[in-house]
Amino acid sequence: MPELPEVETTRRGIAPVLEGRRITRVAVRERRLRWRLPAGFEAALEGSQVRAVTRRAKYLLIGTDRGTLIVHLGMSGSLRVVSPALAPKLHDHVDLLLDSGRCLRFNDPRRFGSLHAVAGDPLAHPLLRALGPEPLSAAFDAAYLHTRTRRRRVAIKQLLMNASIVVGVGNIYASEALFRAGVRPQRAAGRLSRAEAAGIVTAVRRVLGAAIKVGGTTLRDYVNADGMPGYFRQKLYVYERAGQPCRVCRTTIRQRVQGQRSTYWCPTCQR
DNA sequence: ATGGGCACCTGGCTGC
DNA sequence: TGCAGCCAGGTGCCCA
């Protein structure tokens with residue numbers, strides 16, 4: 001499911017419910033997530049008090065007075081705030097019960113998501129340590145992207161989805177940003193001009209920002225903390241629009257596979 | 001270092 | 001109706 005806008009939407013939904021609350025109990029119904037939950041998982045969290053809910057890349061960081069719960073939603077994961085009285089449904093794998101009487105419930109049909117309870121600095125965790133800059137931070141600018149693309153033969157779309165270059169850009173927003181930048185996704189990264197790199201940076205920031213504003217994109221599974229979908233799907237120019245007319249020039253939108261992922265583009269608007 | 005391919009998993013849809 | 005095949009918001013790991 002989720003790319004940066006969906007994770008950020010989830011963060012904004014759960015933060016006010018979690019912050020300041022104590023985790024009274026952790027109920028695990030399925031330990032086989034992307035990484036199996038270790039035996040001490042529940043005990044590491046039970047009794048701790050949540051300080052702040054932040055985000056790094058597509059990871060949610062639920063910081064407590066005793067450590068951090070690192071959450072990744074994978075392809076199909078979601079976190080919802082529910083009443084603990086609500087009976088768990090299929091794929092509701094983990095509950096965090098709060099002293100407020102509310103419950104944070106993790107659902108993930110495909111189990112590509114993950115939960116890690118860590119002590120110490122979560123940013124030092126092996127999964128987070130080598131990540132590239134946040135796309136909405138000042139560190140992600142034209143000079144940076146242009147430099148990082150030099151001598152790279154990979155297609156720009158695949159490079160944008162590489163988390164060691166920039167985080168948070170997944171399959172939807174990579175195609176959408178390149179459409180808005182007017183750059184074909186199959187262009188070799190190393191051949192982009194400085195101006196094109198600048199255009200891509202602007203487009204990435206704008207498309208992610210606009211998606212966050214409307215709660216992200218719901219295609220299939222994604223729901224926010226209140227169980228509601230995101231509305232950015234209506235603003236997609238190319239993603240899952242193969243065979244349909246470009247919303248700008250009416251040319252038929254094309255699709256091809258790059259790195260085992262579907263890519264969409266307009267052959268007229270993108271060069 | 002870079003790039004490519006596979007693996008992990010369930011569910012929904014299509015077409016025979 | 002049943003079933004095989006394909007596809008899906010991610011990313012770690014292995015190999016050349």
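Throughout, protein chains are lettered first and strands after them, A, B, ... in sequence-line order, and every chain is numbered starting at 1. Basis for what follows: all heavy atoms, side chains included, without hydrogens, waters or symmetry-related copies.
- No contact: A/Leu33 has no heavy atom under 4.0 Å from any strand.
- With respect to the salt-bridge test (charged N to carboxylate O, under 4.0 angstrom), the residues A/Lys58 and A/Glu6 do not qualify.
- The side chain to side chain donor-acceptor pair (under 3.5 Å) check on A/Thr263 picks up A/Lys157, A/Gln258, with sequence neighbours excluded.
- Qualifying side chain to side chain donor-acceptor pair (under 3.5 Å) partners for A/Tyr144, counting only residues two or more places apart in sequence or in other chains: A/Arg148.
- With sequence neighbours left out, A/Arg11 forms a side chain to side chain donor-acceptor pair (under 3.5 Å) with A/Glu8.
- Taking A/Arg233 as the reference, A/Glu240 meet the salt bridge (Lys or Arg N to Asp or Glu O under 4.0 Å) condition, with sequence neighbours excluded.
- For A/Arg32, the salt bridge (Lys or Arg N to Asp or Glu O under 4.0 Å) partners two or more places apart in sequence, or in a different chain, are A/Glu30.
- For DNA chain B, the residues of residues 103-112 of chain A within the heavy-atom distance limit of 4.0 Å (strictly under) are A/Pro109, A/Arg110, A/Arg111, A/Phe112, sorted by number.
- With a 3.5 Å limit on both pairing distances and Watson-Crick or G-U wobble geometry required, the stems of 3 or more pairs in DNA chain C span B:2-8 with C:10-16, B:10-16 with C:2-8.
- The shortest distance between the side-chain N/O atoms of A/His72 and the OP1/OP2 oxygens of C/dT11 is below 4.0 Å.
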Under 3.5 Å between N/O atoms: give me all the protein pairs with nucleotides 13-16 of chain C, atom names plus distance.
none

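- Within the structure, every side-chain polar atom (N or O) of A/Ser76 is placed at least 4.0 Å from both OP1 and OP2 of B/dC9.
- Separation of the P atoms belonging to C/dC6 and B/dC6 is 14 Å when rounded to the nearest angstrom.
- When the C1' atom of B/dA7 is taken as reference, atom CD of A/Gln260 falls 10 Å away, rounded to whole Å.
- The side chain of A/Gln158 sits closest to B/dG4 out of B/dC8, B/dG4, C/dA8.
- Annotation: proximity of residues 123-137 of chain A to DNA chain C (heavy atom, distance under 4.0 Å) is found for A/Leu127, numbered in ascending order.
- Taking only side-chain atoms of A/Lys58, from C-beta outward, the nucleotide of C/dA8, C/dT11, B/dG11 with the closest atom is C/dT11.
- The stretch residues 148-157 of chain A comes close to DNA chain B through A/Arg152, A/Arg153, A/Val154, each having a heavy atom under 4.0 Å from the strand.
- Backbone-only engagement by A/Tyr59 is indicated by non-hydrogen atom pairs under 4.0 Å involving sugar-phosphate atoms exclusively.
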Can you give me the N/O atom pairs linking the protein to nucleotides 12-14 of chain B at distances under 3.5 Å, or say none if there are none?
none

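- Ion pairing of A/Arg191 with A/Glu196 is absent here, as no side-chain N (NZ or NE/NH1/NH2) approaches a carboxylate O to less than 4.0 Å.
- Each side-chain hydrogen bond (donor to acceptor under 3.5 Å, both in side chains) pair with one or both residues in residues 108-122 of chain A, not counting sequence neighbours, appears once here: A/Ser76-A/Asp108.
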